[in-house]
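Numbers restart at 1 for each chain; the letters A, B, ... are given by sequence-line order, proteins then strands. This one's a predicted model, so the numbers in the text were calculated from it and none came from an experiment. Side-chain atoms are counted along with the backbone in the values below, which use heavy atoms only and exclude waters and symmetry mates.
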Protein chains: 2
Amino acid sequence: MGSIQLEQQSSEPKYRHLKTVLTEALDTEFSVGQALPNERELAARFGVARATLRQALDQLELEGRLQRRRGVGTTVAPPRVGVDVSPRRHTWPGAPGDSWVTTDCAPAVPPTAVARMLDARPDEPVEVVHRVLVTHGQSVAAEQLYVPAAVLVTPGEAAPAGPPATGPERGRHVLARLQRLRPDGQDRSVELGSAGAPEARRLDQLPGAPVLIVTTRYAAAGRTVAAAVATYRADTCRLTFGNQGTVSLSAS
Amino acid sequence: MGSIQLEQQSSEPKYRHLKTVLTEALDTEFSVGQALPNERELAARFGVARATLRQALDQLELEGRLQRRRGVGTTVAPPRVGVDVSPRRHTWPGAPGDSWVTTDCAPAVPPTAVARMLDARPDEPVEVVHRVLVTHGQSVAAEQLYVPAAVLVTPGEAAPAGPPATGPERGRHVLARLQRLRPDGQDRSVELGSAGAPEARRLDQLPGAPVLIVTTRYAAAGRTVAAAVATYRADTCRLTFGNQGTVSLSAS
DNA sequence: GAGTGGTCTAGACCACGCG
DNA sequence: GCGTGGTCTAGACCACTCA
């Protein structure tokens, strides 16, 4: 990246041309993990204001090419890790092979959007199970699983030995009871969002960072019995859906 | 949104507080399609610089709450439209029920990343079929489908009557031949990206706008026979995966 | 304490859509 | 031609990490 000046011809914005130049430099002159010069240095080298340079860096970070940490610097990001969200692996919360870790649980009234998804009255109490997904030593996703209290009571069965009113143990208790319902299927959707303050803390990133929001509706006996809202770090991960056909492809 | 001043207490950045205030205003005082005051007006009303206000608007646009058009203004965005990308509906390119429209096709050498996905030599020629997906009168996705020329030739069959060297008709020809291979399965992944110049033009948005990139690998007879890179507008759509279980949920 | 990225300001001009 | 959002500047200070 020895370039000193940014020659430009057309009406293309500077930051976009800058992004192109930086992308080529990343492809040819940098390796994963390597640190870039700091922003003031880079801006001076290209002869632009720091805000303009940052516009280019912002997009490169959005695309997962760069990793920026306050107080530390900017480095070349590793390729995104693939996270399998296909129903085969991620079948049913708490099922064997489920690699999520339950971190907390408490009863609450759900957000209205969640209540609608559950076909529940807006004021109906639900259990909220908080879980995180850790791979390669880093948190990649945080999830809130909503289960109406009503679906957890089994008719003709005595109330179970009292679980704690809150905490991971209560969450495991809820998942165990959910397990007893036979899963029929799930609807799932993916959209772009930005991390709220609590998710950002759990995912070790700044609030407002881009995330992929995966919303899942779980069904048993033809009824919606649970809903999950999971936020995946968009910068570091890629959602994979495994093989959706009849014959396996060999892993490449 | 009659609020005139932005009182603040903690170390929370102004733009984030601003975003919270605006979100509440959108939820309570605005309806879909309604226009907001212009940016200079809003910035003055909240007592911040325009750049700070724009930081808040940027995030709200990323979340699909706002729609901004240069020369026009900012309006409240409608809810994102769900686009079904489940294998049931989106089975095999060109299959009946496939709602994509073929716009162009030409032979080319694929990008190296695509060649690797196809298990092809980097210089092996492929057919590139361009397609767009239109729903509710707007383009929501643009796709490039890569098919190695080798998989299209049928041994012991005469070369077909010459298709045009380029254009939609050639694309339909390629898809028709691809149909003859029996589909076995597909691998799919979703990640965040930003629109390049050509995709931006086809999706009627600005370059750099956030998109969801869906990469699909199609297999037949245990081999990878095609790969598709589709970019969906992240602002206006939500990818849905239908029912992935054994029993249908009633549509809500 | 030195150095990094994150936030913020108060301007300016440009490109675009529309009447 | 006017009003809109998009780009750009040249500063400033803050919050954070690390030696």
By nearest heavy atom, map B:Arg50 and A:Ala49 onto DNA chain D; which one lands nearer the 5' end? B:Arg50
Rounded to whole angstroms, how far apart are [atom1] on [X] and [atom2] on [N]?
{"X": "B:Arg54", "N": "D:dC8", "atom1": "CZ", "atom2": "P", "answer": "12 Å"}
{"X": "A:Glu41", "N": "C:dT4", "atom1": "CD", "atom2": "P", "answer": "9 Å"}
{"X": "B:Asp204", "N": "C:dG17", "atom1": "CG", "atom2": "C1'", "answer": "13 Å"}
{"X": "B:Leu206", "N": "D:dG5", "atom1": "CG", "atom2": "C1'", "answer": "9 Å"}
{"X": "B:Leu57", "N": "C:dC8", "atom1": "CG", "atom2": "P", "answer": "14 Å"}
{"X": "B:Lys14", "N": "D:dC14", "atom1": "NZ", "atom2": "C1'", "answer": "13 Å"}
{"X": "B:Glu12", "N": "D:dA15", "atom1": "CD", "atom2": "P", "answer": "13 Å"}
{"X": "A:Leu53", "N": "C:dT4", "atom1": "CG", "atom2": "C1'", "answer": "14 Å"}

Only Watson-Crick and G-U wobble pairs with both distances less than 3.5 Å should count. Give DNA chain D in dot-bracket notation, marking inter-strand partners with |. ||||||||||||||||||.
List the residues meeting side-chain hydrogen bond (donor to acceptor under 3.5 Å, both in side chains) with A:Thr28, not counting sequence neighbours, and say none if there are none.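 Once residues adjacent in sequence are excluded, A:Thr28 has no partner under the side-chain hydrogen bond (donor to acceptor under 3.5 Å, both in side chains) criterion.
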Verify the contact: side-chain N or O of B:Thr52 to OP1 or OP2 of C:dT9, cut-off strictly under 4.0 Å; return yes or no. yes
In residues 193-202 of chain B, which ones come under 4.0 Å of DNA chain C, going by heavy atoms? none
Does any part of the side chain of [Y], heavy atoms only, come nearer than 4.5 Å to the side chain of [X], both counted from C-beta?
{"X": "B:Tyr146", "Y": "B:Glu127", "value": "no"}
{"X": "A:Leu145", "Y": "A:Val128", "value": "no"}
{"X": "A:Arg233", "Y": "B:Leu192", "value": "no"}
{"X": "A:Ile213", "Y": "A:Val211", "value": "yes"}

Can you list the steps and then say if B:Arg131 with B:Thr102 is a side chain to side chain donor-acceptor pair (under 3.5 Å)? CA-CA 4 Å; B:Arg131 307 195 299 166; B:Thr102 303; 5.2 Å; no
Quiz question: by atom type and distance under 3.5 Å, do the side chains of B:Thr216 and B:Arg188 form a donor-acceptor pair? yes
Classify the ring geometry between B:Phe241 and A:Phe241 as parallel (under 30°), tilted (30 to 60°) or perpendicular (over 60°). parallel
Out of D:dT7, C:dT7, D:dC13, whichever nucleotide has its closest atom nearest the side chain of A:Arg40: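 Looking only at side-chain atoms, A:Arg40 lies closest to D:dC13.
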Look at the side chain of A:Glu39 and decide which nucleotide, out of C:dG6, C:dC8, C:dT9, has an atom nearest to it.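 Of all the options, the side chain of A:Glu39 is nearest to C:dG6.
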List the atom pairs, with distances to 0.1 Å, where a side-chain N or O of residues 47-57 of chain B and a protein N or O form a donor-acceptor pair under 3.5 Å, not counting sequence neighbours.
{"residue": "B:Arg50", "atom": "NE", "partner": "B:Glu39", "partner atom": "OE1", "Å": "3.1"}
{"residue": "B:Arg50", "atom": "NH2", "partner": "B:Glu39", "partner atom": "OE1", "Å": "3.1"}
{"residue": "B:Arg54", "atom": "NH1", "partner": "B:Glu39", "partner atom": "OE1", "Å": "3.1"}
{"residue": "B:Arg54", "atom": "NH1", "partner": "B:Glu39", "partner atom": "OE2", "Å": "3.0"}

Between A:Gln34 (side chain only) and A:Ser31 (backbone N and O only), is there a donor and an acceptor less than 3.5 Å apart? yes
Where is the tightest heavy-atom contact between B:Pro207 and A:Arg16, given as atom of each residue plus distance?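 Looking at all heavy atoms of both residues, the closest pair is CG-NH1, 3.4 Å.
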Of A:Asn38 and B:Arg16, the one whose closest DNA chain C nucleotide lies more 5':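 Mapping each residue to its closest nucleotide by heavy atoms, the 5'-most match is A:Asn38.
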Nucleic acid contacts of residues 58-79 of chain B, taken as heavy-atom distances under 4.0 Å to DNA chain D: B:Arg68, B:Arg69, B:Arg70, B:Gly71, B:Val72, B:Gly73, B:Thr74
Show me the pairs that pass side-chain hydrogen bond (donor to acceptor under 3.5 Å, both in side chains) and involve residues 198-214 of chain B, at least two apart or across chains. B:His130-B:Arg202
